[in-house]
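Worksheet for the structure shown next.
Just so you know, residue 1 is the first one in the sequence shown, and it goes up from there.
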Amino acid sequence: MKVAVWDTYVTKKDGSVMHFDIIAPEEIRDTALIYSYGKEYLKTKAQEGQALTSKECRFCHMETVQTQWESEIKQKGYIIVEMENCK
């Protein structure tokens, strides 16, 4: 399975910046859907309402799905990979 990696930097309520990737199947090209995945994730981090647009979230590259991501992507349609300052 090929996946698209969407590089995302969101300014948190405290002013710091969190960096995470939204990983979704390559055929998902609807940016509104990708942003909705990110907004859903932000809710789990008590960061709902923070801006998540093309300024914060951009397509980065395509890659072959990593084995540890595959089941969650098949179940939810995407996976979030935390990179920096996501706690």
Side-chain angles (χ1 to χ4, degrees):
M1 168 194 297
K2 287 282 197 188
V3 292
V5 178
W6 295 78
D7 201 26
T8 309
Y9 293 86
V10 172
T11 301
K12 294 168 62 173
K13 293 177 181 178
D14 68 4
S16 62
V17 177
M18 62 191 306
H19 174 205
F20 58 92
D21 288 341
I22 303 169
I23 313 291
E26 67 178 331
E27 55 274 358
I28 298 178
R29 300 180 189 274
D30 180 358
T31 55
L33 182 57
I34 296 297
Y35 302 157
S36 75
Y37 296 156
K39 289 176 182 179
E40 187 174 308
Y41 167 73
L42 289 174
K43 286 179 187 176
T44 71
K45 296 295 182 175
Q47 297 299 318
E48 61 276 352
Q50 298 305 98
L52 201 158
T53 66
S54 61
K55 181 180 176 194
E56 293 80 25
C57 180
R58 294 183 186 92
F59 171 76
C60 184
H61 65 276
M62 302 293 275
E63 66 181 65
T64 302
V65 69
Q66 293 185 23
T67 306
Q68 67 268 27
W69 299 343
E70 199 162 4
S71 64
E72 187 170 344
I73 292 172
K74 286 181 179 179
Q75 180 184 25
K76 286 177 42 179
Y78 69 98
I79 190 169
I80 301 293
V81 177
E82 295 179 337
M83 305 298 279
E84 299 174 271
N85 205 18
C86 294
K87 301 295 177 204

Residue pairs, two or more places apart or on separate chains, that pass ring-ring contact (aromatic ring centres under 6.0 Å, His included) and touch residues 48-69: Trp6-Phe59

If every non-hydrogen atom of Pro25 is compared with every non-hydrogen atom of Gly77, which pair is closest and at what distance? CD-O, 3.2 Å

Salt bridge (Lys or Arg N to Asp or Glu O under 4.0 Å) partners of Glu63, counting only residues at least two apart: none

Minimal heavy-atom distance between Cys57 and Leu52, with the atoms involved, is CB-CD2, 3.7 Å

Any link between Met62 and Ile28 through a network of hydrophobic side chains (Ile, Leu, Val, Met, Phe, Trp, Tyr) touching at under 4.5 Å? yes

Mind checking salt bridge (Lys or Arg N to Asp or Glu O under 4.0 Å) for Lys12 and listing every partner two or more places apart, or none if nothing turns up? none

Residues at least two apart in sequence or cross-chain that pass side-chain hydrogen bond (donor to acceptor under 3.5 Å, both in side chains) with Glu56, listed by chain then number, are Thr53

Are Met18 and Tyr78 connected in the hydrophobic side-chain network, where two residues link if heavy atoms are under 4.5 Å apart? yes

Using the rule side-chain contact (heavy atoms from CB on, under 4.5 Å), only one of Ile22, Leu42, Ile79 pairs with Tyr37; which is it? Ile22

Let me check something: any side-chain donor-acceptor pairs from residues 80-87 under 3.5 Å, sequence neighbours excluded? List them with distances.
residue	atom	partner	partner atom	Å
Glu82	OE1	Lys87	NZ	3.0
Glu82	OE2	Tyr41	OH	2.7
Glu82	OE2	Lys45	NZ	3.0
Glu84	OE1	His19	ND1	3.0
Asn85	ND2	Ser16	OG	3.1
Asn85	ND2	Val17	O	3.0

Sequence neighbours left out, what passes salt bridge (Lys or Arg N to Asp or Glu O under 4.0 Å) with Glu48? Give chain and number order. Lys13

Under the salt bridge (charged side-chain N to carboxylate O under 4.0 Å, His left out) rule, what pairs show up with a residue in residues 29-43, not counting sequence neighbours? none

When rounded to the nearest 0.5 Å, the distance separating CD of Glu70 from CD of Gln68 is 10.0 Å

According to side-chain hydrogen bond (donor to acceptor under 3.5 Å, both in side chains), who are the partners of Glu27, at least two apart in sequence or on a separate chain? none

Heavy-atom closest contact (Thr8 atom, Asp21 atom, distance): N-OD1, 4.3 Å

Under the side chain to side chain contact (heavy atoms under 4.5 Å, CB included) criterion, do Thr64 and Lys2 qualify, and how do the steps go? CA-CA 5 Å; Thr64 302; Lys2 287 282 197 188; 3.6 Å; yes

Short question: side chain of Gln50, backbone of Thr11 - any donor-acceptor pair under 3.5 Å? yes

